[in-house]
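Input: a single structure, listed below in structure tokens.
Numbers here simply count residues along the sequence, with the first being 1.
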Amino acid sequence: GELNVSGRVAIGAYFDGSAGTVDIGAANAALRLDAGGLITSNCTFSGDGELWIAPGTSPLLVNTNLGGVGLVNQGELRVSHSATVDRFRGEPASSWLVSMRGYEPGISHDQLRVTGGDALLDGAIAIIVHGERFELSPGELLAFPGNVAHGYQNVAKGFSRGVSVV
């Protein structure tokens, strides 16, 4: 199917983005997923607006390319293999789950590529490594093997910013 968003739209049912086209028009347009969903490489995105992941939801992005569309995470972001977005913002209490199976990005571990604008994560970040939780503040560092299962969570009241070196 085809979905054209010109304003701010919320979808209250599971979003099936396994095929079709989604145009999130102008920069002030937004599509919010309130009940999660699935977005795959067979779904073509266009426009300059934003895709919002609502609190309490955990959609799965599988080899997804959002083109010029930005991604705002308020829930639990799950990426399988890779997702490409123009810009990214992780809001307070949001999380991003990463599956690590080795060292090769997009194949043996999941990745989120931000190609055009900012990637905003600023404040305190919790990193869960093999089930153990570590809370990091600005300036702190955590080292662990990259092939160990881990995930990230923004625990700040504002944005959190982190740098990951593999």
Side-chain angles (χ1 to χ4, degrees), residues 10-18 30-43 45 50-67 69-166:
I11 296 179
Y14 181 88
F15 180 76
D16 182 358
S18 59
L31 173 63
R32 190 178 74 216
L33 303 182
D34 284 348
L38 170 69
I39 301 173
T40 71
S41 59
N42 294 325
C43 187
F45 277 78
E50 295 178 324
L51 176 65
W52 286 63
I53 298 171
T57 64
S58 59
L60 177 62
L61 282 63
V62 181
N63 291 323
T64 303
N65 187 339
L66 296 184
V69 173
L71 180 63
V72 178
N73 183 25
Q74 295 180 310
E76 179 181 85
L77 173 61
R78 297 180 303 141
V79 173
S80 179
H81 301 292
S82 70
T84 303
V85 300
D86 180 67
R87 59 207 175 276
F88 175 77
R89 188 169 76 229
E91 300 238 328
S94 67
S95 60
W96 171 27
L97 300 181
V98 177
S99 178
M100 301 293 288
R101 299 170 296 281
Y103 299 104
E104 195 169 348
I107 296 173
S108 53
H109 68 81
D110 302 331
Q111 67 177 346
L112 177 66
R113 289 185 298 233
V114 180
T115 58
D118 293 331
L120 299 175
L121 298 162
D122 206 356
I125 297 174
I127 301 177
I128 299 90
V129 180
H130 234 302
E132 188 173 352
R133 182 184 177 96
F134 301 89
E135 289 199 18
L136 304 176
S137 296
E140 293 184 314
L141 172 72
L142 177 67
F144 56 91
N147 62 344
V148 173
H150 63 279
Y152 302 88
Q153 182 178 26
N154 181 358
V155 295
K157 292 187 182 192
F159 294 109
S160 292
R161 182 181 316 266
V163 176
S164 176
V165 179
V166 178

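Under the rule for a side chain to side chain donor-acceptor pair (under 3.5 Å), Ser41 has no partner lying at least two apart in sequence or in another chain. By the side chain to side chain donor-acceptor pair (under 3.5 Å) test, Arg87 is found to be paired with no residue, residues two or more places apart in sequence or in another chain being considered. The side chain to side chain donor-acceptor pair (under 3.5 Å) check on Asp34 picks up Arg32, with sequence neighbours excluded.
Going from atom CD1 of Ile39 over to atom CG of Leu71 covers 8.0 Å, rounded to the nearest 0.5 Å. Rounding to the nearest 0.5 Å gives a distance of 11.5 Å between CZ of Arg78 and CG of Asn73. Note that the CG atom of Leu77 and the OG1 atom of Thr57 stand 9.5 Å from one another [nearest 0.5 Å].
For the pair Gly12 and Ala35, the tightest heavy-atom approach, listed with the atom from each and the gap, is O-CB, 3.4 Å. In terms of heavy-atom proximity, Phe45 sits nearest to Asn65 at CB-O, 4.1 Å.
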Check against side chain to side chain contact (heavy atoms under 4.5 Å, CB included), Leu66 and Asp86: CA-CA 7 Å; Leu66 296 184; Asp86 180 67; over 6 Å; no
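Looking only at distances, a side-chain donor or acceptor of Thr64 sits under 3.5 Å from a matching main-chain atom of Val62. With Thr115 contributing its side chain and Val85 its backbone, the two residues share a donor-acceptor pair below 3.5 Å.
Put simply, the side chain of Ser18 does not reach to within 4.5 Å of the side chain of Asn42, judged on heavy atoms.
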